[in-house]
Amino acid sequence: MARRKKIYEGKAKILYEGPEPGTLVQYFKDDATAFNAEKKATIEGKGVLNNRLSEFFMTGLGQIGVPTHFIRRLNMREQLVRACEIIPLEVIVRNYAAGSISERLGIEEGTQLPRPIVEYCYKDDSLGDPLVTEEHIAAFGWASQQDMDDMVSLAIRVNDFLSGVMLAVGIRLIDFKIEIGRVYDGDFMRLIVADEISPDSCRLWDIATGQKLDKDVFRRDLGSLTDAYSEVARRLGVLPKTPLSKPTLIN
Ligand code: UDP
């Protein structure tokens, strides 16, 4: 059997060459890392859950007209995605203070922000993904002013969608990170949401109890990460309602 070509391996996913030009296969690993990969573990079932959750969010975004790289899920751990040129920025949207903004500005975790705040970090693990401003982005040519305006519009639409979907199942969207890519349709370039949207890249707090249902469970040793992600999946109807010992997919 021919071995397929690995394009890129990151901390939580692998990208393989896709079956047609312009496509890639995105494989979700069970590996979890935090603090710039200083803390590492393999968490059985995480990749399966994130594959399915990212499919759920990307499909919903597509249905409301937000373009994404998602084409279709292939199996438990893989999805077919459109190849794009990733802009080397993490776009973070915050509704409530937590994590680095709390540390940086001394705002108590859980404080509602006056409005959603969009931040950019430059994607470079060796530098620890530093926070950058639009001035840096324009000066170093990572994106144009038009790209930045489009990225903020996309990020705010994703925020409104995710906040609403989560609110409906009793979960508060504290913050999240997305990555954005460029695709070319003939002479036109447009931006699409790429990478993944999952509890690895969001902060999700149960509204009733404040319980954390995201990667902070791993970062801060708060219990079972699979249980937390399974709870999110169950509430969203991605997993059966009755608890199972192992994540099991509905169809
Ligand atoms: N985030 C992420 N990848 C990163 C950095 C942050 O997915 O490399 C997400 C993180 O899970 C949270 C949001 O972006 O939902 C804001 O993260 P923050 O800046 O507070 O950083 P952290 O406290 O995670 O270092």
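Indexing begins at 1, ligand by ligand and atom by atom, following the structure's order.
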Students should be able to answer this: which protein heavy-atom is nearest to [atom], and at what distance?
| atom | value |
| --- | --- |
| atom 1 (N) of ligand 1 | Lys177 CB, 3.8 Å |
| atom 21 (O) of ligand 1 | Ser100 OG, 3.8 Å |
| atom 11 (O) of ligand 1 | Arg219 NH2, 2.9 Å |
| atom 17 (O) of ligand 1 | Arg203 NH1, 3.5 Å |
| atom 4 (C) of ligand 1 | Glu90 OE1, 3.4 Å |

Are [X] and [Y] linked by a side-chain donor-acceptor pair shorter than 3.5 Å?
| X | Y | result |
| --- | --- | --- |
| Asp147 | Ser144 | yes |
| Glu55 | Asn51 | no |
| Arg94 | Ser102 | no |

Locate the shortest heavy-atom distance separating [X] from [Y]; write the atom from each residue and the value.
| X | Y | value |
| --- | --- | --- |
| Ile101 | Ala97 | CG2-CA, 3.9 Å |
| Lys212 | Ala228 | O-CB, 4.3 Å |
| Met151 | Ala143 | CE-CB, 3.9 Å |

inquiry  = My question is simple, although I want it checked carefully: is atom 25 (O) of ligand 1 less than 4.0 angstrom from any protein heavy atom?
reply    = no
inquiry  = Treating Asn95 as the side-chain partner and Pro116 as the backbone partner, does any N or O pair qualify as donor plus acceptor under 3.5 Å?
reply    = no
query = Do you reckon Leu53 sits in the same ILVMFWY cluster as Leu167, going by side-chain contacts under 4.5 Å, direct or chained?
reply = no
Suppose I only count heavy atoms of [X] and a 4.0 Å limit; which atoms of ligand 1 are within that range?
| X | result |
| --- | --- |
| Gly99 | 20 (O), 23 (O) |
| Ala98 | 20 (O) |
| Asp129 | 8 (O) |

Would you call [X] a ligand 1 contact, heavy-atom distance under 4.0 Å?
| X | value |
| --- | --- |
| Arg94 | yes |
| Lys215 | no |
| Asp200 | yes |
| Glu103 | no |

Part of Cys202 within contact of ligand 1 (heavy atoms, under 4.0 Å) = backbone
message = So, regarding Asp175 and ligand 1 (criterion: nitrogen or oxygen to nitrogen or oxygen, under 3.5 Å), is there a contact or not?
response = yes
request  = Take Glu17 and Arg4 through the test side chain to side chain contact (heavy atoms under 4.5 Å, CB included) and record every step on the way to the result.
outcome  = CA-CA 7 Å; Glu17 199 170 61; Arg4 61 184 167 174; 5.7 Å; no
query = Do Val66 and Met58 pass the side chain to side chain contact (heavy atoms under 4.5 Å, CB included) test, and can you show the C-alpha distance, the side-chain angles, and the key distance before you say yes or no?
reply = CA-CA 9 Å; Val66 175; Met58 295 283 186; over 6 Å; no
